[in-house]
Amino acid sequence: IKKIGVLTSGGDAPGMNAAIRAVVRTALSYGWEVVGVIDGYAGLHAGNFIQLTRRSVSDLLNRGGTFLGTARFPQFKDPKVREEAVEVMKQNGIDALVVIGGDGSYMGAKFISELGFPCIGLPGTIDNDIAGTDATIGFDTALNTAVEAIDKLRDTCSSHKRISVVEVMGHHCGDLAVCAAVSCGVEAVLVPEVKWDKDEIYASIKRSVDAGKRHAILVVCELQTDVHQMAKDLEALTGLEARATVQGHIQRGGTPSAVDRVLASRMGAYACELLKSGESGRCVALKRGELVHYDIIECINSMKHRFMKTTYDLACSLG
Ligand code: F6P
(Lines give C-alpha, C1' and ligand atoms only; values in the text may rest on other atoms or scores of the structure.)
Protein backbone atom coordinates (compact mmCIF):
# COMPACT_ATOMS: atom_id res chain seq x y z
CA ILE A 1 0.00 0.00 0.00
CA LYS A 2 1.24 3.48 -0.89
CA LYS A 3 -1.85 5.58 -0.58
CA ILE A 4 -5.22 5.24 1.18
CA GLY A 5 -8.44 7.20 1.19
CA VAL A 6 -10.71 7.87 4.14
CA LEU A 7 -14.34 8.92 4.01
CA THR A 8 -17.26 9.56 6.32
CA SER A 9 -20.73 8.79 5.12
CA GLY A 10 -24.37 8.80 6.25
CA GLY A 11 -25.43 10.72 9.36
CA ASP A 12 -22.50 12.40 11.09
CA ALA A 13 -21.56 11.16 14.55
CA PRO A 14 -19.42 12.75 17.27
CA GLY A 15 -16.01 11.11 17.16
CA MET A 16 -15.79 10.80 13.39
CA ASN A 17 -13.07 13.46 13.35
CA ALA A 18 -11.14 11.57 16.01
CA ALA A 19 -11.35 8.44 13.86
CA ILE A 20 -10.15 10.27 10.74
CA ARG A 21 -7.26 11.72 12.73
CA ALA A 22 -6.23 8.28 13.93
CA VAL A 23 -6.43 6.84 10.41
CA VAL A 24 -4.36 9.71 9.01
CA ARG A 25 -1.66 9.69 11.65
CA THR A 26 -1.31 5.91 11.74
CA ALA A 27 -1.18 5.67 7.95
CA LEU A 28 1.44 8.43 7.76
CA SER A 29 3.52 6.62 10.37
CA TYR A 30 3.56 3.63 8.00
CA GLY A 31 4.85 5.87 5.22
CA TRP A 32 1.56 5.88 3.34
CA GLU A 33 -0.05 8.90 1.74
CA VAL A 34 -3.60 9.72 2.82
CA VAL A 35 -6.37 11.52 0.99
CA GLY A 36 -9.65 12.57 2.53
CA VAL A 37 -12.77 12.10 0.44
CA ILE A 38 -15.13 15.08 0.60
CA ASP A 39 -18.83 14.34 1.24
CA GLY A 40 -18.76 10.56 1.42
CA TYR A 41 -19.56 8.33 -1.54
CA ALA A 42 -20.71 11.28 -3.64
CA GLY A 43 -17.20 12.74 -3.34
CA LEU A 44 -15.66 9.36 -4.03
CA HIS A 45 -17.54 9.06 -7.28
CA ALA A 46 -16.71 12.65 -8.24
CA GLY A 47 -13.02 12.25 -7.33
CA ASN A 48 -13.28 14.99 -4.74
CA PHE A 49 -10.14 14.31 -2.69
CA ILE A 50 -7.87 16.36 -0.47
CA GLN A 51 -4.35 15.47 0.60
CA LEU A 52 -4.14 14.99 4.36
CA THR A 53 -1.08 15.61 6.50
CA ARG A 54 -0.49 15.39 10.25
CA ARG A 55 -1.33 19.09 10.42
CA SER A 56 -4.61 18.71 8.53
CA VAL A 57 -5.99 16.73 11.43
CA SER A 58 -4.75 18.99 14.24
CA ASP A 59 -7.36 20.45 16.60
CA LEU A 60 -10.02 18.00 15.44
CA LEU A 61 -10.08 15.40 18.18
CA ASN A 62 -12.57 17.36 20.25
CA ARG A 63 -14.76 18.56 17.39
CA GLY A 64 -18.16 17.09 16.59
CA GLY A 65 -19.37 16.42 13.05
CA THR A 66 -16.92 15.44 10.35
CA PHE A 67 -14.56 17.92 8.73
CA LEU A 68 -14.58 15.85 5.53
CA GLY A 69 -18.31 16.36 5.18
CA THR A 70 -20.80 13.58 4.74
CA ALA A 71 -23.79 12.86 2.54
CA ARG A 72 -26.31 10.21 1.77
CA PHE A 73 -25.71 8.99 -1.80
CA PRO A 74 -28.43 6.54 -2.90
CA GLN A 75 -26.91 6.49 -6.42
CA PHE A 76 -24.26 4.14 -5.00
CA LYS A 77 -26.83 1.36 -5.24
CA ASP A 78 -26.25 1.44 -8.99
CA PRO A 79 -23.48 -1.09 -9.84
CA LYS A 80 -22.22 1.16 -12.65
CA VAL A 81 -21.72 4.06 -10.22
CA ARG A 82 -19.79 1.77 -7.84
CA GLU A 83 -17.52 0.53 -10.60
CA GLU A 84 -16.88 4.12 -11.68
CA ALA A 85 -16.02 5.08 -8.08
CA VAL A 86 -13.51 2.25 -7.80
CA GLU A 87 -12.02 3.29 -11.15
CA VAL A 88 -11.70 6.88 -9.86
CA MET A 89 -9.78 5.61 -6.83
CA LYS A 90 -7.44 3.55 -9.02
CA GLN A 91 -6.83 6.49 -11.35
CA ASN A 92 -5.88 8.58 -8.32
CA GLY A 93 -3.42 5.96 -7.10
CA ILE A 94 -5.54 5.03 -4.07
CA ASP A 95 -4.86 1.44 -2.99
CA ALA A 96 -7.34 1.08 -0.11
CA LEU A 97 -10.25 2.87 1.51
CA VAL A 98 -11.41 3.34 5.12
CA VAL A 99 -15.13 4.05 5.44
CA ILE A 100 -16.53 5.53 8.66
CA GLY A 101 -20.30 5.43 8.93
CA GLY A 102 -23.49 3.57 9.74
CA ASP A 103 -25.35 0.72 8.09
CA GLY A 104 -25.84 2.49 4.74
CA SER A 105 -22.14 3.30 4.63
CA TYR A 106 -21.32 -0.31 5.43
CA MET A 107 -23.42 -1.34 2.46
CA GLY A 108 -21.28 0.91 0.26
CA ALA A 109 -18.12 -0.58 1.78
CA LYS A 110 -19.49 -4.05 1.11
CA PHE A 111 -20.09 -3.19 -2.57
CA ILE A 112 -16.54 -1.86 -2.89
CA SER A 113 -15.15 -5.00 -1.23
CA GLU A 114 -17.15 -7.17 -3.62
CA LEU A 115 -15.37 -5.43 -6.49
CA GLY A 116 -12.10 -6.64 -4.98
CA PHE A 117 -10.97 -3.21 -3.77
CA PRO A 118 -9.39 -3.22 -0.27
CA CYS A 119 -11.79 -1.56 2.14
CA ILE A 120 -12.20 -1.40 5.93
CA GLY A 121 -15.40 -0.22 7.65
CA LEU A 122 -15.53 1.58 11.00
CA PRO A 123 -18.89 1.85 12.81
CA GLY A 124 -19.70 5.55 13.09
CA THR A 125 -23.31 6.28 14.02
CA ILE A 126 -25.23 7.55 17.01
CA ASP A 127 -27.75 4.73 16.54
CA ASN A 128 -25.53 1.89 17.81
CA ASP A 129 -27.23 -0.35 15.27
CA ILE A 130 -24.25 -2.03 13.63
CA ALA A 131 -24.09 -5.80 13.91
CA GLY A 132 -21.21 -7.38 15.79
CA THR A 133 -20.04 -4.39 17.79
CA ASP A 134 -20.90 -3.51 21.38
CA ALA A 135 -20.53 0.18 20.60
CA THR A 136 -20.42 2.53 17.66
CA ILE A 137 -18.51 5.80 17.44
CA GLY A 138 -20.89 8.59 18.50
CA PHE A 139 -23.34 6.55 20.53
CA ASP A 140 -21.92 7.47 23.92
CA THR A 141 -21.92 11.19 23.13
CA ALA A 142 -25.46 11.12 21.75
CA LEU A 143 -26.60 9.22 24.82
CA ASN A 144 -25.04 11.81 27.11
CA THR A 145 -26.73 14.57 25.12
CA ALA A 146 -30.10 12.84 25.39
CA VAL A 147 -29.64 12.20 29.10
CA GLU A 148 -28.67 15.79 29.81
CA ALA A 149 -31.79 17.00 28.00
CA ILE A 150 -34.08 14.55 29.82
CA ASP A 151 -32.59 15.56 33.18
CA LYS A 152 -33.42 19.16 32.34
CA LEU A 153 -36.93 18.22 31.31
CA ARG A 154 -37.33 16.43 34.64
CA ASP A 155 -36.59 19.66 36.53
CA THR A 156 -39.31 21.57 34.76
CA CYS A 157 -41.73 18.63 34.70
CA SER A 158 -41.53 18.10 38.41
CA SER A 159 -41.86 21.84 39.06
CA HIS A 160 -44.99 22.08 36.93
CA LYS A 161 -46.49 18.65 37.63
CA ARG A 162 -46.31 17.78 33.97
CA ILE A 163 -45.89 14.75 31.79
CA SER A 164 -43.05 14.85 29.30
CA VAL A 165 -42.97 12.69 26.19
CA VAL A 166 -39.44 12.75 24.79
CA GLU A 167 -38.51 11.47 21.36
CA VAL A 168 -34.94 10.33 20.87
CA MET A 169 -33.20 9.22 17.68
CA GLY A 170 -32.04 5.71 16.85
CA HIS A 171 -33.78 5.01 13.57
CA HIS A 172 -34.88 1.35 13.91
CA CYS A 173 -32.72 0.70 16.97
CA GLY A 174 -33.89 1.29 20.54
CA ASP A 175 -30.44 1.37 22.20
CA LEU A 176 -30.34 5.13 22.63
CA ALA A 177 -33.87 5.15 24.08
CA VAL A 178 -33.21 2.20 26.39
CA CYS A 179 -29.94 3.55 27.77
CA ALA A 180 -31.45 7.02 28.22
CA ALA A 181 -34.41 5.43 30.01
CA VAL A 182 -32.19 3.59 32.50
CA SER A 183 -29.97 6.64 32.98
CA CYS A 184 -32.93 8.92 33.68
CA GLY A 185 -35.25 6.55 35.51
CA VAL A 186 -38.23 7.23 33.27
CA GLU A 187 -41.76 5.85 33.59
CA ALA A 188 -41.93 4.22 30.16
CA VAL A 189 -39.70 3.49 27.20
CA LEU A 190 -41.04 2.65 23.75
CA VAL A 191 -38.73 0.99 21.25
CA PRO A 192 -39.17 -0.82 17.95
CA GLU A 193 -37.74 -4.11 19.24
CA VAL A 194 -40.50 -4.63 21.81
CA LYS A 195 -44.16 -4.67 20.88
CA TRP A 196 -45.94 -2.09 22.98
CA ASP A 197 -49.55 -1.28 23.51
CA LYS A 198 -50.66 2.32 23.70
CA ASP A 199 -53.63 1.56 25.96
CA GLU A 200 -51.46 -0.35 28.43
CA ILE A 201 -48.91 2.47 28.56
CA TYR A 202 -51.64 5.06 29.03
CA ALA A 203 -53.33 2.98 31.73
CA SER A 204 -50.09 2.57 33.66
CA ILE A 205 -49.33 6.31 33.56
CA LYS A 206 -52.90 7.02 34.68
CA ARG A 207 -52.54 4.59 37.59
CA SER A 208 -49.33 6.32 38.72
CA VAL A 209 -50.92 9.76 38.49
CA ASP A 210 -54.02 8.55 40.36
CA ALA A 211 -51.72 7.14 43.02
CA GLY A 212 -50.25 10.59 43.53
CA LYS A 213 -47.34 10.77 41.11
CA ARG A 214 -46.67 14.44 40.35
CA HIS A 215 -44.94 14.04 37.02
CA ALA A 216 -43.87 11.43 34.49
CA ILE A 217 -41.39 11.06 31.66
CA LEU A 218 -41.80 8.75 28.68
CA VAL A 219 -38.91 8.12 26.28
CA VAL A 220 -39.96 7.19 22.77
CA CYS A 221 -37.65 6.02 20.01
CA GLU A 222 -38.28 7.94 16.79
CA LEU A 223 -40.63 6.44 14.18
CA GLN A 224 -42.70 4.75 16.89
CA THR A 225 -45.58 7.17 17.20
CA ASP A 226 -46.55 10.82 17.06
CA VAL A 227 -45.22 12.11 20.37
CA HIS A 228 -47.28 15.29 20.14
CA GLN A 229 -50.47 13.27 19.87
CA MET A 230 -49.31 11.06 22.71
CA ALA A 231 -48.83 14.12 24.92
CA LYS A 232 -52.35 15.34 24.04
CA ASP A 233 -53.83 11.92 24.83
CA LEU A 234 -52.06 11.70 28.17
CA GLU A 235 -53.11 15.20 29.13
CA ALA A 236 -56.74 14.38 28.38
CA LEU A 237 -56.53 11.09 30.26
CA THR A 238 -54.66 12.10 33.38
CA GLY A 239 -55.57 15.75 33.81
CA LEU A 240 -51.86 16.62 34.12
CA GLU A 241 -50.45 18.96 31.51
CA ALA A 242 -48.28 17.11 29.01
CA ARG A 243 -45.65 18.29 26.56
CA ALA A 244 -43.73 16.57 23.79
CA THR A 245 -40.07 17.25 23.04
CA VAL A 246 -38.31 15.99 19.94
CA GLN A 247 -34.59 16.00 20.58
CA GLY A 248 -33.79 15.54 16.90
CA HIS A 249 -30.44 16.46 15.42
CA ILE A 250 -29.16 18.02 18.64
CA GLN A 251 -28.21 14.45 19.52
CA ARG A 252 -25.92 14.22 16.51
CA GLY A 253 -23.83 17.26 17.34
CA GLY A 254 -21.50 18.41 20.05
CA THR A 255 -18.08 17.65 21.31
CA PRO A 256 -17.41 13.90 21.47
CA SER A 257 -17.24 12.29 24.89
CA ALA A 258 -13.93 10.86 26.09
CA VAL A 259 -15.36 7.37 25.57
CA ASP A 260 -16.06 8.15 21.90
CA ARG A 261 -12.68 9.80 21.40
CA VAL A 262 -10.89 6.76 22.75
CA LEU A 263 -13.04 4.33 20.75
CA ALA A 264 -12.64 6.33 17.54
CA SER A 265 -8.87 6.65 18.01
CA ARG A 266 -8.49 2.94 18.68
CA MET A 267 -10.66 1.96 15.73
CA GLY A 268 -8.99 4.38 13.33
CA ALA A 269 -5.53 3.07 14.16
CA TYR A 270 -6.77 -0.51 14.01
CA ALA A 271 -8.18 -0.02 10.51
CA CYS A 272 -4.69 0.87 9.29
CA GLU A 273 -3.15 -2.05 11.16
CA LEU A 274 -5.59 -4.35 9.38
CA LEU A 275 -4.73 -2.93 5.97
CA LYS A 276 -1.03 -3.19 6.78
CA SER A 277 -1.39 -6.85 7.64
CA GLY A 278 -3.07 -7.46 4.28
CA GLU A 279 -6.69 -7.60 5.46
CA SER A 280 -9.43 -6.21 3.29
CA GLY A 281 -13.21 -6.31 3.19
CA ARG A 282 -13.33 -6.21 6.99
CA CYS A 283 -15.31 -4.17 9.47
CA VAL A 284 -14.02 -3.23 12.90
CA ALA A 285 -16.00 -3.96 16.05
CA LEU A 286 -15.65 -3.67 19.81
CA LYS A 287 -16.26 -6.95 21.63
CA ARG A 288 -15.95 -7.02 25.41
CA GLY A 289 -13.42 -4.20 25.35
CA GLU A 290 -11.25 -5.67 22.58
CA LEU A 291 -11.19 -4.67 18.93
CA VAL A 292 -12.06 -7.44 16.51
CA HIS A 293 -12.87 -7.57 12.81
CA TYR A 294 -15.46 -9.33 10.70
CA ASP A 295 -16.02 -9.97 7.05
CA ILE A 296 -18.00 -6.93 5.95
CA ILE A 297 -20.10 -8.93 3.49
CA GLU A 298 -21.03 -11.40 6.21
CA CYS A 299 -21.72 -8.54 8.63
CA ILE A 300 -24.22 -6.99 6.21
CA ASN A 301 -25.74 -10.20 4.91
CA SER A 302 -26.08 -12.42 7.94
CA MET A 303 -25.21 -10.71 11.23
CA LYS A 304 -27.79 -8.90 13.33
CA HIS A 305 -27.37 -6.20 15.95
CA ARG A 306 -28.36 -7.63 19.33
CA PHE A 307 -31.00 -5.61 21.10
CA MET A 308 -30.16 -4.66 24.71
CA LYS A 309 -32.96 -6.77 26.13
CA THR A 310 -31.66 -7.03 29.70
CA THR A 311 -31.08 -3.29 29.83
CA TYR A 312 -34.59 -2.76 28.47
CA ASP A 313 -35.99 -5.05 31.17
CA LEU A 314 -34.05 -3.09 33.76
CA ALA A 315 -35.50 0.18 32.47
CA CYS A 316 -38.99 -1.31 32.89
CA SER A 317 -38.43 -2.84 36.31
CA LEU A 318 -36.72 0.21 37.82
CA GLY A 319 -38.82 2.88 36.11
O1 F6P B 1 -28.44 7.41 11.54
C2 F6P B 1 -28.37 8.54 12.33
C3 F6P B 1 -29.69 9.27 12.34
O4 F6P B 1 -29.54 10.44 13.12
C5 F6P B 1 -30.88 8.47 12.81
O6 F6P B 1 -30.95 8.39 14.21
C7 F6P B 1 -32.01 9.22 12.19
O8 F6P B 1 -33.12 8.38 11.97
C9 F6P B 1 -31.44 9.69 10.89
O10 F6P B 1 -30.04 9.66 11.03
C11 F6P B 1 -31.87 11.07 10.48
O12 F6P B 1 -31.37 11.32 9.21
P13 F6P B 1 -31.30 12.76 8.55
O14 F6P B 1 -30.23 13.54 9.27
O15 F6P B 1 -30.93 12.50 7.14
O16 F6P B 1 -32.62 13.38 8.76
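Order of appearance sets the numbers: ligands from 1, and atoms from 1 within every ligand. All values below were derived from every heavy atom in this structure, side-chain atoms included, with hydrogens, water molecules and symmetry-related copies excluded. We number each residue from 1, following the sequence as shown.
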### Message
Tell me which pairs pass side-chain hydrogen bond (donor to acceptor under 3.5 Å, both in side chains) where either residue lies in residues 159-171, with sequence neighbours left out.
### Response
Arg162-Glu241
### Message
Taking side chain to side chain contact (heavy atoms under 4.5 Å, CB included) as the criterion, tell me which of Val166, Ile163, Val186 meets it with Leu218.
### Response
Ile163
### Query
Closest heavy-atom contact between Phe117 and Ile94?
CZ-O, 3.3 Å
### Message
Just so I know, are the side chains of Thr245 and Leu153 near enough to count as touching, which here means a heavy-atom distance under 4.5 Å?
### Response
yes
Between ligand 1 and the protein, which N/O pairs are shorter than 3.5 Å?
unit_1: ligand 1; atom_1: 1 (O); unit_2: Asp127; atom_2: OD2; d: 2.7
unit_1: ligand 1; atom_1: 4 (O); unit_2: Arg252; atom_2: NH1; d: 2.7
unit_1: ligand 1; atom_1: 6 (O); unit_2: Asp127; atom_2: OD1; d: 2.7
unit_1: ligand 1; atom_1: 6 (O); unit_2: Gly170; atom_2: N; d: 3.2
unit_1: ligand 1; atom_1: 6 (O); unit_2: Glu222; atom_2: OE2; d: 3.1
unit_1: ligand 1; atom_1: 8 (O); unit_2: Glu222; atom_2: OE1; d: 3.4
unit_1: ligand 1; atom_1: 8 (O); unit_2: Glu222; atom_2: OE2; d: 2.5
unit_1: ligand 1; atom_1: 10 (O); unit_2: Arg72; atom_2: NH2; d: 3.1
unit_1: ligand 1; atom_1: 10 (O); unit_2: Arg252; atom_2: NH1; d: 3.1
unit_1: ligand 1; atom_1: 12 (O); unit_2: Arg72; atom_2: NH2; d: 2.9
unit_1: ligand 1; atom_1: 14 (O); unit_2: His249; atom_2: NE2; d: 2.8
unit_1: ligand 1; atom_1: 14 (O); unit_2: Arg252; atom_2: NH1; d: 2.9
unit_1: ligand 1; atom_1: 14 (O); unit_2: Arg252; atom_2: NH2; d: 3.0
unit_1: ligand 1; atom_1: 15 (O); unit_2: Arg72; atom_2: NE; d: 3.1
unit_1: ligand 1; atom_1: 15 (O); unit_2: Arg72; atom_2: NH2; d: 3.3
unit_1: ligand 1; atom_1: 16 (O); unit_2: His249; atom_2: NE2; d: 3.3

### Message
Run the ring pair (Phe, Tyr, Trp, His ring centres under 6.0 Å) test against Phe76 and tell me which residues pass, sequence neighbours left out.
### Response
Tyr41
### Summary
Residue pairs meeting salt bridge (Lys or Arg N to Asp or Glu O under 4.0 Å), one or both in residues 48-69, sequence neighbours left out, come to none
